[in-house]
Number of protein chains: 2
Amino acid sequence: MTTQTLADRAHAAQASAVCHECLVRDTSLCSSLHDHELVALSAIGRRRTVPAGQVITWAGDVVTTFANVVSGALKVTASTPDGREQIVGLLFPGDFVGQMFTDEASLTVTALTETKMCSFPRAAFERELGSHARMERMLLERTMASLDEARERMLSLGRRNAQERVAGFIGQLAERAGLPRDDGGIHVSIPMSRGEMADLLGLTIETVSRQLTGLKAAGLITFAKGERDCLVLDSRGLDLVANPA
Amino acid sequence: MTTQTLADRAHAAQASAVCHECLVRDTSLCSSLHDHELVALSAIGRRRTVPAGQVITWAGDVVTTFANVVSGALKVTASTPDGREQIVGLLFPGDFVGQMFTDEASLTVTALTETKMCSFPRAAFERELGSHARMERMLLERTMASLDEARERMLSLGRRNAQERVAGFIGQLAERAGLPRDDGGIHVSIPMSRGEMADLLGLTIETVSRQLTGLKAAGLITFAKGERDCLVLDSRGLDLVANPA
DNA sequence: CGGAATTTTGACGATGCTCAACAACGGTGG
DNA sequence: CCACCGTTGTTGAGCATCGTCAAAATTCCG
């Protein structure tokens with residue numbers, strides 16, 4: 001044991017106070033730890049706020065940190081040598097950020113909206129993970145969930161047409177958004193541009209736009225004008241478009 | 001400790017003997033265990049041989065077992081409600097089979113070739129995993145590798161054309177196959193039908209066939225006639241087709 | 001209000017899918 | 001050993017979907 005300076009103690013106390021009121025205390029990897037275990041982890045974690053559009057990690061960078069998303073949303077993108085881009089994952093509050101067993105990142109991570117995250121130096125995090133089996137188990141669980149999600153998306157990219165992809169995407173956002181409003185509509189906030197939707201769905205901006213107006217013409221959705229958000233009028237109908245029997 | 005019957009002891013001895021000469025003793029999850037730790041795992045594992053084409057697990061089944069691939073190859077497929085199919089993963093010797101934190105499987109696993117595997121009852125395997133941190137760490141590593149692989153494939157499905165997908169696939173197989181032969185060609189065995197290649201690449205049988213004959217016409221590959229295998233003549237050129245600058 | 005950025009809409013064309021015929025292969029049985 | 005037949009793979013013609021290019025419309029933001 002090394003001696004702990006007053007500054008260290010103060011830092012730890014402050015950090016664990018931050019953790020205690022953290023928005024993702026019960027959903028991130030941290031939820032696998034008891035309050036008293038959290039002290040060590042919080043001592044190595046540092047809160048960061050990143051503005052929309054900013055890159056967190058570039059493909060090709062040496063992996064030096066991992067993180068948990070606290071609020072906001074990130075995109076994970078892969079690209080071809082000649083610059084075509086595909087979004088291969090979205091990260092929301094509670095999700096883990098980083099390629100753990102890779103020295104050089106193969107993916108780029110970018111903030112879609114302003115995002116708060118809790119980031120950890122690589123070596124220190126790996127040490128903590130090694131000494132908290134429940135946390136490691138939870139990371140395994142989350143990684144397998146990401147894998148299932150990636151596979152579901154591979155099915156869409158390989159076998160669904162533009163209409164099904166767009167309808168399915170809006171439908172997923174609607175599920176995440178929760179319960180219907182008074183008038184039966186579900187208000188869905190779309191945390192990305194048309195270009196990013198296109199990169200996610202493996203389409204072009206124009207095709208996404210056309211499909212959205214198609215869904216609107218079919219009476220399944222509308223747009224709160226002047227905003228990026230949309231209102232799902234008929235979520236059952238939307239699901240039928242996304243998943244034809 | 002419960003008393004161990006003679007039969008139990010005999011089984012364990014036999015099983016660990018099987019493990020000792022196992023083809024994937026040094027590449028599967030088992031490689032994280034010392035010989036003496038392997039006894040408990042081998043006691044719950046059972047060798048199975050599955051003929052080509054046979055389904056291991058159906059989507060919708062309750063998950064009751066996991067497994068390691070010992071030899072052969074498996075495909076993992078997802079499908080739409082109306083029956084379109086996409087291969088979302090391939091499993092080779094040493095790979096782990098199963099959706100660990102899911103009660104009901106969302107994916108179907110099928111043998112591409114005759115396949116030997118070592119399968120474990122769910123509960124028993126989870127118990128063993130929990131008591132061997134190195135094995136759990138290794139499973140995490142493999143799962144993250146699968147995730148990276150899935151993401152690479154999402155890039156192809158979303159953003160690469162038919163020619164690039166087929167050339168890339170043959171190129172990958174060639175890498176896996178190893179070093180060039182005397183005449184400079186690399187003999188590549190393709191462990192699947194055209195239909196399965198199509199399901200993997202998100203194309204149709206006809207498009208795959210056309211692209212292959214295109215690569216042959218370009219002098220990049222040839223076919224040992226009467227066989228499914230192919231000979232890569234110009235792996236550099238193949239890579240150039242798959243990854244245009 | 002004005003200019004840049006984003007989104008929508010339109011016209012056109014290319015890529016890859018559908019449908020169909022044909023060829024090659026493999027196993028079976030005479 | 002070869003004829004037969006089912007399966008798998010190849011090739012061709014036509015077409016639908018989605019991408020490309022271009023312009024108009026809308027939104028954003030100073």
Quick note, B/Arg194 side chain, CB onward, closest among C/dC19, D/dG9, C/dG16 is D/dG9

Please identify each residue that fulfils side chain to side chain donor-acceptor pair (under 3.5 Å) with A/Ser156, with sequence neighbours left out.
A/Arg160

May I have the distance from B/Ile190 (atom CD1) to D/dT8 (atom P), rounded to whole angstrom?
16 Å

Can you tell me how far C1' of C/dA11 sits from CD of A/Glu206, to the nearest Å?
13 Å

For A/Ser193 and for A/Arg159, find the nucleotide of DNA chain C with the closest heavy atom, then tell me which residue's nucleotide is more 5'.
A/Ser193

Contacts of type side chain to side chain donor-acceptor pair (under 3.5 Å), residue A/Thr80, not counting sequence neighbours
A/Asp82

Separation of D/dT27 atom C1' from A/Phe223 atom CZ, nearest Å, is 14 Å

note: B/Glu196, atom CD; D/dG9, atom C1'; distance rounded to Å ~ 14 Å

Tabulate protein N/O versus nucleotide N/O from nucleotides 13-17 of chain D, keeping only pairs under 3.5 Å, one per line.
none

B/Phe120 ring center within less than 6.0 Å of B/Phe66 ring center:
no

Does OP1 or OP2 of C/dT8 have a side-chain N or O of A/Ser209 closer than 4.0 Å?
yes

Under 4.0 angstrom between A/Arg228 side-chain N/O and C/dT6 OP1 or OP2
no

Do you know which two heavy atoms are closest between A/Val232 and A/Ala174, and how far apart they sit?
CG2-CB, 4.1 Å

Overall bend of the helix from C/dC1-D/dG30 to C/dG30-D/dC1 (five pairs an end, 10° steps) is 40°

What is the separation between atom CZ on B/Arg160 and atom C1' on D/dG19, rounded to the nearest whole Å?
18 Å

Name every residue in residues 75-87 of chain A that has at least one heavy atom under 4.0 Å from any atom of DNA chain D, in order of residue number, or write none if there are no such residues.
none

Taking only side-chain nitrogens and oxygens of B/Thr213, does any of them come within less than 4.0 Å of OP1 or OP2 of D/dT10?
no

Can you tell me which residue pairs pass the side-chain hydrogen bond (donor to acceptor under 3.5 Å, both in side chains) test with a partner in residues 57-72 of chain A, sequence neighbours excluded?
none

Using a heavy-atom distance cut-off of less than 4.0 Å, which residues of residues 237-245 of chain B contact DNA chain D?
none

Of the nucleotides C/dG16, D/dC18, C/dT8, which has the atom closest to the B/Thr207 side chain?
C/dG16

Is there any salt bridge (charged side-chain N to carboxylate O under 4.0 Å, His left out) pair reaching into residues 187-197 of chain B, and which pairs are they, with sequence neighbours excluded?
B/Lys75-B/Glu196

Once you round to the nearest 0.5 Å, how far does CZ of B/Arg25 lie from SG of B/Cys19?
7.0 Å

Please enumerate all residues that pass side chain to side chain donor-acceptor pair (under 3.5 Å) together with A/Lys116, with sequence neighbours excluded.
none

Taking the nucleotide of DNA chain D with the nearest heavy atom to each, does B/Met192 or A/Gln163 sit closer to the 5' end?
B/Met192

Would you say the base of D/dC18 and the side-chain of A/Gln211 have a donor-acceptor pair closer than 3.5 Å?
no

What nucleic acid atoms does B/Leu203 come within less than 4.0 Å of, heavy atoms only: base, sugar-phosphate, or nothing?
sugar-phosphate

When rounded to whole Å, the CD1 to P distance for the pair B/Ile205 and C/dA20 reads 16 Å

Check: A/Gln99 and A/Leu107 side chains under 4.5 Å, non-hydrogen atoms:
yes

Taking any heavy-atom pair under 4.0 Å as a contact, classify B/Gly202: base, sugar-phosphate, or nothing.
sugar-phosphate

Could you measure the distance from the CG atom of A/Leu139 to the OG1 atom of B/Thr143? Nearest 0.5 Å is fine.
9.5 Å

Nearest-angstrom distance from the residue atom CZ of B/Arg165 to C1' of C/dT15:
11 Å

Does a side-chain N or O of B/Thr204 approach OP1 or OP2 of C/dC17 to a distance below 4.0 Å, or not?
yes

Mind jotting down which residue pairs meet the salt bridge (charged side-chain N to carboxylate O under 4.0 Å, His left out) criterion with at least one end in residues 236-245 of chain B? Sequence neighbours excluded, please.
B/Arg236-B/Asp239

To the nearest 0.5 Å, what is the distance between OG1 (A/Thr102) and CD (B/Glu141)?
8.5 Å

Round to the nearest Å and state the distance from A/Met197 atom CE to C/dT6 atom C1'.
14 Å

Partner residues of A/Arg153 under the salt bridge (charged side-chain N to carboxylate O under 4.0 Å, His left out) criterion, sequence neighbours left out:
A/Glu149

Are any non-hydrogen side-chain atoms of A/Arg47 and A/Cys22 less than 4.5 angstrom apart?
yes

By side chain to side chain donor-acceptor pair (under 3.5 Å), B/Thr207 pairs with (sequence neighbours left out) B/Thr204

